[in-house]
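These notes are about the structure you will find just below.
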Amino acid sequence: MEIITLDTNQKHELIDITSKVNSVVKESKVKEGVCFLYVPHATAALTINENADPNIKTDIIKAVNKMVPEHDNYLHDSIDNNAAAHIKSTLIGVSEHIPISNGGLQLGTWQSLMFVEMDGPRSSRKIIVEIIDKR
Amino acid sequence: MEIITLDTNQKHELIDITSKVNSVVKESKVKEGVCFLYVPHATAALTINENADPNIKTDIIKAVNKMVPEHDNYLHDSIDNNAAAHIKSTLIGVSEHIPISNGGLQLGTWQSLMFVEMDGPRSSRKIIVEIIDKR
Amino acid sequence: MEIITLDTNQKHELIDITSKVNSVVKESKVKEGVCFLYVPHATAALTINENADPNIKTDIIKAVNKMVPEHDNYLHDSIDNNAAAHIKSTLIGVSEHIPISNGGLQLGTWQSLMFVEMDGPRSSRKIIVEIIDKR
């Protein structure tokens, strides 16, 4: 198990972590298997999408924020003012996997792996990477 | 493979199954690996989110029900009046994984694993737990 | 690793790939383990839902298209007119797993595995299938 640690700078932000995860895969020397990614936070998520046009990150954030308004009489907001981030974490999800073949992640041409911050800025956000060898 | 069985009591309900899954992990004696959770139902789902404030469960249900209205001229409603539950199952998803390290699930401090009932009450809802040892 | 290849015919379309994935599982001869499915595209996704009533596929497409309008001043639309498909890919997700027991996928009675096209028609859409034996 390896842990990638990130500081985030915005309230809402998608951060490309593909190269960091690629490094973990290379170091593992696993040729065929599956790479499991996991975010141990309840107001963040993981997504796999295009980052060749970085505007897609902005489009995703805006669209998701429209679907889940920042405030809408959420009960949790009286305790910690971030219910919307929790709801969006459930929609986008905290676990993803990517197959490994020939020692590399089998991401599509237009795919990057991105950490989704929805209650930033935060220090020490974590992504857990576990790799299982097919053998 | 282990199966956790649940009866649900509400139409819409999040049920915390963290302790049940923890027991399966302990019994497996796996120290390093991944725990795979799967719901074999088309009107339910799985999510990982905060349950320290149980109001978050209510906020999630309300927000998702607003995004997917209970009735909206869905074609399936003429056969079985639960199209909204099917749509929400696709949005939230039926498969999740959580890494295992030092013999324990690597859930974050604020994370619980929850079964999402969206067409209850139902008896004998199932969650399939499979654990793969990293070795 | 096996790759299933599909041509899609519609802009938005759910295509049942359960029997194709079942064939891969049978050929693998794995009795107990997990089947990992992955879509290497940024404008498509995977979902597990009911296809006994094929109308559910239409209901899902309509509901998701209502949540994410086809055009909404997305920045990416000026480059490639498909931002909505990218956003929906993030919501539905490109990775799924299904447990294998007794040599068969443990799908529920009402569950099918479906490829979600959101920017078709396209030729050579791919689904990567990787199977890990529990041993």
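These numbers come from a predicted model, not from an experiment. In what follows, every chain begins at residue 1, and chains take the letters A, B, ... in the order their sequences are listed. No hydrogens, no waters, no symmetry mates; every other heavy atom, side chains included, goes into these values.
Residue with the most contacts toward chain A among C:H86, C:H41, C:M67: C:H86 (heavy-atom pairs, distance under 4.5 Å). The most heavy-atom pairs under 4.5 Å with chain A, out of C:I79, C:I87, C:T90, C:T43, come from C:T90. When each of A:V116, A:D133, A:D59 is scored by its heavy-atom pairs under 4.5 Å with chain C, the top score falls to A:D59.
Proximity to chain A is absent for every atom of C:I92, based on heavy atoms less than 4.5 angstrom apart. Heavy atoms of A:L46 lying under 4.5 Å from chain C are absent altogether. For C:V129, no part sits under 4.5 Å from any heavy atom of chain A, backbone or side chain. The part of C:I128 that comes within reach of chain A is its side chain, from C-beta onward, which places non-hydrogen atoms under 4.5 angstrom from that chain.
With A:S101 as reference, A:E32 is the one residue of A:E32, A:K134, A:Q106, A:K31 to meet the side chain to side chain donor-acceptor pair (under 3.5 Å) rule.
Using cut-offs of 30° and 60° on the angle between ring planes, the pair A:H97 and A:F36 is perpendicular.
Remark: A:K126 does not engage A:E2 in a salt bridge, criterion side-chain N to carboxylate O under 4.0 Å. Comment: A:D7 does not engage A:R125 in a salt bridge, judged by the lack of any side-chain N to carboxylate O separation of less than 4.0 angstrom. In this structure, A:K66 pairs ionically with C:D72, as a charged nitrogen and a carboxylate oxygen lie closer than 4.0 Å.
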Where do C:S95 and A:E96 land on the side-chain hydrogen bond (donor to acceptor under 3.5 Å, both in side chains) test, with the steps shown first? CA-CA 6 Å; C:S95 71; A:E96 293 282 356; 2.8 Å; yes

